[in-house]
Visitor: 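The structure is given below, and queries will be raised subsequently.
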Protein chains: 2
Amino acid sequence: MSRKPMVRPGGRSARVQQSVHAAVRELETEVGRDALTVPLVAARAGVTPSTIYRRWGDLQELMSDVAVERLRPELPPEDLGGLAADLTAWAEHFLEEMSSSAGRAYIRDALLGDPDGTNAGQCSAYAAEQIETILSRAAARGEQAPAVERVVDRVVAPMMYRILFRPGTETLDAGYAARLVESLLATPGS
Amino acid sequence: MSRKPMVRPGGRSARVQQSVHAAVRELETEVGRDALTVPLVAARAGVTPSTIYRRWGDLQELMSDVAVERLRPELPPEDLGGLAADLTAWAEHFLEEMSSSAGRAYIRDALLGDPDGTNAGQCSAYAAEQIETILSRAAARGEQAPAVERVVDRVVAPMMYRILFRPGTETLDAGYAARLVESLLATPGS
DNA sequence: CCACTAACGCAAACAGTTAGCTTTTATTGG
DNA sequence: CCAATAAAAGCTAACTGTTTGCGTTAGTGG
């Protein structure tokens, strides 16, 4: 979903893509992320290495594609009946997922093999969608809600920054996420 | 400065490190980032490839080391006589440097070949140092200054998030940096 | 000044990558 | 529905980057 024109999405191409993605996920749990190679994935997927090289370019771009799939939220955020509760719960959940070693690995992979930034943009879009849902609900209730951009700047960005640039910092608990949301909602204006 | 114990920092080891780093910088301008390979760098540096593989592991970790060096600020932030002016000027400068294509490439490299997060932490520390200097000056003047952590969360993190996750977004100008600082200083409390 | 050992050079074996060509198979138009 | 077309995959061989064992060099500490 990043480099290939995908001009022929049906039939065999689709099957190959699915089997290759499946092979990556399987092998990742069996032999570990670092032991993955293109020939290994190709063998498991039942294709030749050159097929993978031609469609994805290299292992990093393939891993980036798979990582983005894994970072896609599968459920809409929970509705707890209020903006503060919804946002806090979502932020805590987001932080817990992303700051785990698995989550961090996926974020790294997504950023890594992403020359044009398409996959990174997709990750950001996922978070924005979830937030949008929460804010729309709040507006429907008549609550005064901030803009999505503000939530991203004040809640998502600080968490991501700490995950990426300050590993080992132990302040990455639910309390931190809650404080970010609280601080955001305390100043309705700018 | 990331993986090697550097138990023997003097003499030959230091010379090799310098010539390898210099070779990377030279070749980067000559043939471009994407054309760099370990054997190429080794030849330019006058060492054998195995030396690089043993000390750095792979090309990514080497590039990460070099990138961190380039991201180190060479000057302390300018003193304009006031906290708001100092922070705004610094944030604008920071954003301009980091959002350039060269800056983004260095950030990516620094994050990329960094298994334990040491280099990423170093980047974060550089920014924190600069901010610390500005805040200390403000305190010396008797101005009320926020904590470094707050500046990182409210100013640095949002800029970095947009650089990494939202490429192509056109709101990465000086005005954005200024607004972040303004918003931060508008709420002295939390 | 000598013993010790980390780090480097060298070279061969290994593994991942690239490229040319052939074959298969969606797709498109008659 | 069938033929023509071209995209995508298979195959294989050449290529290039990576790993590893061993001998040598040169800092380090006694």
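Computed over heavy atoms, backbone and side chain alike; hydrogens, waters and symmetry mates excluded. Sequence lines set the chain letters: A, B, ... in the order given, protein chains first and strands last, and positions in each chain run from 1.
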Visitor: Rounded to whole Å, please give me the gap between CG in A:L40 and P in C:dA15.
Guide: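 Those two atoms, CG and P, are 12 Å apart.
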
Visitor: Side-chain N or O of B:S50 versus OP1/OP2 of C:dG9: is the shortest distance under 4.0 Å?
Guide: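 No, outside the criterion.
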
Visitor: Nearest whole angstrom, please: distance from the P of C:dG16 to the CG of A:D34.
Guide: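 Rounded to whole Å, this separation is 14 Å.
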
Visitor: Using distance alone, with no hydrogens and no angle criterion, decide if A:R72 and A:Q122 have a side-chain donor and acceptor under 3.5 Å apart.
Guide: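 No - no donor-acceptor pair under 3.5 Å links their side chains.
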
Visitor: Could you work out which one of D:dA9, D:dG21, D:dG17 sits closest to the side chain of A:T51?
Guide: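 Ranking D:dA9, D:dG21, D:dG17 by closest atom to the A:T51 side chain puts D:dA9 first.
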
Visitor: Starting from P on C:dA7, measure out to CD1 on B:I52 and report it in whole angstrom.
Guide: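 Distance, rounded to whole Å: 16 Å.
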
Visitor: For A:R15 and D:dG10, what is the distance between atoms CZ and P respectively, to the nearest whole Å?
Guide: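 The answer, rounded to whole Å, is 11 Å.
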
Visitor: Report yes if a side-chain nitrogen or oxygen of B:T48 is closer than 4.0 Å to either non-bridging phosphate oxygen (OP1 or OP2) of C:dG9; otherwise report no.
Guide: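 Checking B:T48 against C:dG9: at least one side-chain N or O falls below 4.0 Å of OP1 or OP2.
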
Visitor: Could you say whether A:P49 or B:P49 is positioned toward the 5' end of DNA chain D, judged by the nucleotide with the nearest heavy atom to each?
Guide: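 On the 5' side of the pair lies A:P49.
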
Visitor: Rounding to a whole Å, what distance do you find between A:D58:CG and C:dT18:P?
Guide: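 It is 8 Å, rounded to the nearest whole Å.
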
Visitor: With B:D153 as reference, evaluate A:R154, A:R179, A:R162 under the salt bridge (charged side-chain N to carboxylate O under 4.0 Å, His left out) test and give the passing residue.
Guide: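 Only one option passes, and that is A:R162.
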
Visitor: In whole angstroms, how far is the C1' atom of D:dT20 from the CZ atom of B:R55?
Guide: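 Rounded to the whole Å, the gap is 19 Å.
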
Visitor: Please report, rounded to the nearest Å, how far the P atom of D:dA8 is from the CH2 atom of A:W56.
Guide: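 These atoms are roughly 12 Å apart.
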
Visitor: Going by modelled atom types, is there a donor-acceptor pair between the base of C:dC8 and the side chain of B:S13 at under 3.5 Å?
Guide: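 No, the side chain and the base share no sub-3.5 Å donor-acceptor pair.
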
Visitor: Check whether any side-chain N or O of B:E143 sits under 3.5 Å from a backbone N or O of B:R137 as a donor-acceptor pair, and report yes or no.
Guide: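 Not a single qualifying donor-acceptor pair exists.
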
Visitor: Can a donor-acceptor pair be found, under 3.5 Å and without considering hydrogens, that links the side chain of B:S64 to the backbone of B:Q60?
Guide: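 No: the side chain of B:S64 does not pair with the backbone of B:Q60.
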
Visitor: Cut-off 3.5 Å, side chains only: do B:T48 and B:T51 have a donor facing an acceptor?
Guide: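 The answer is yes; a qualifying pair exists.
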
Visitor: Is it the case that D:dG10 (base atoms only) and A:R12 (side chain only) share a donor and an acceptor within less than 3.5 Å, ignoring hydrogens and angles?
Guide: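 Under the 3.5 Å cut-off, the side chain and the base do not form any donor-acceptor pair.
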
Visitor: Using whole Å, report how far CD of B:Q60 lies from P of D:dG17.
Guide: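 Distance, rounded to whole Å: 15 Å.
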
Visitor: Which of these nucleotides, D:dA9, C:dG9, C:dG16, is closest to any side-chain atom of A:P39?
Guide: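 Nucleotide nearest to A:P39's side chain: C:dG16.
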
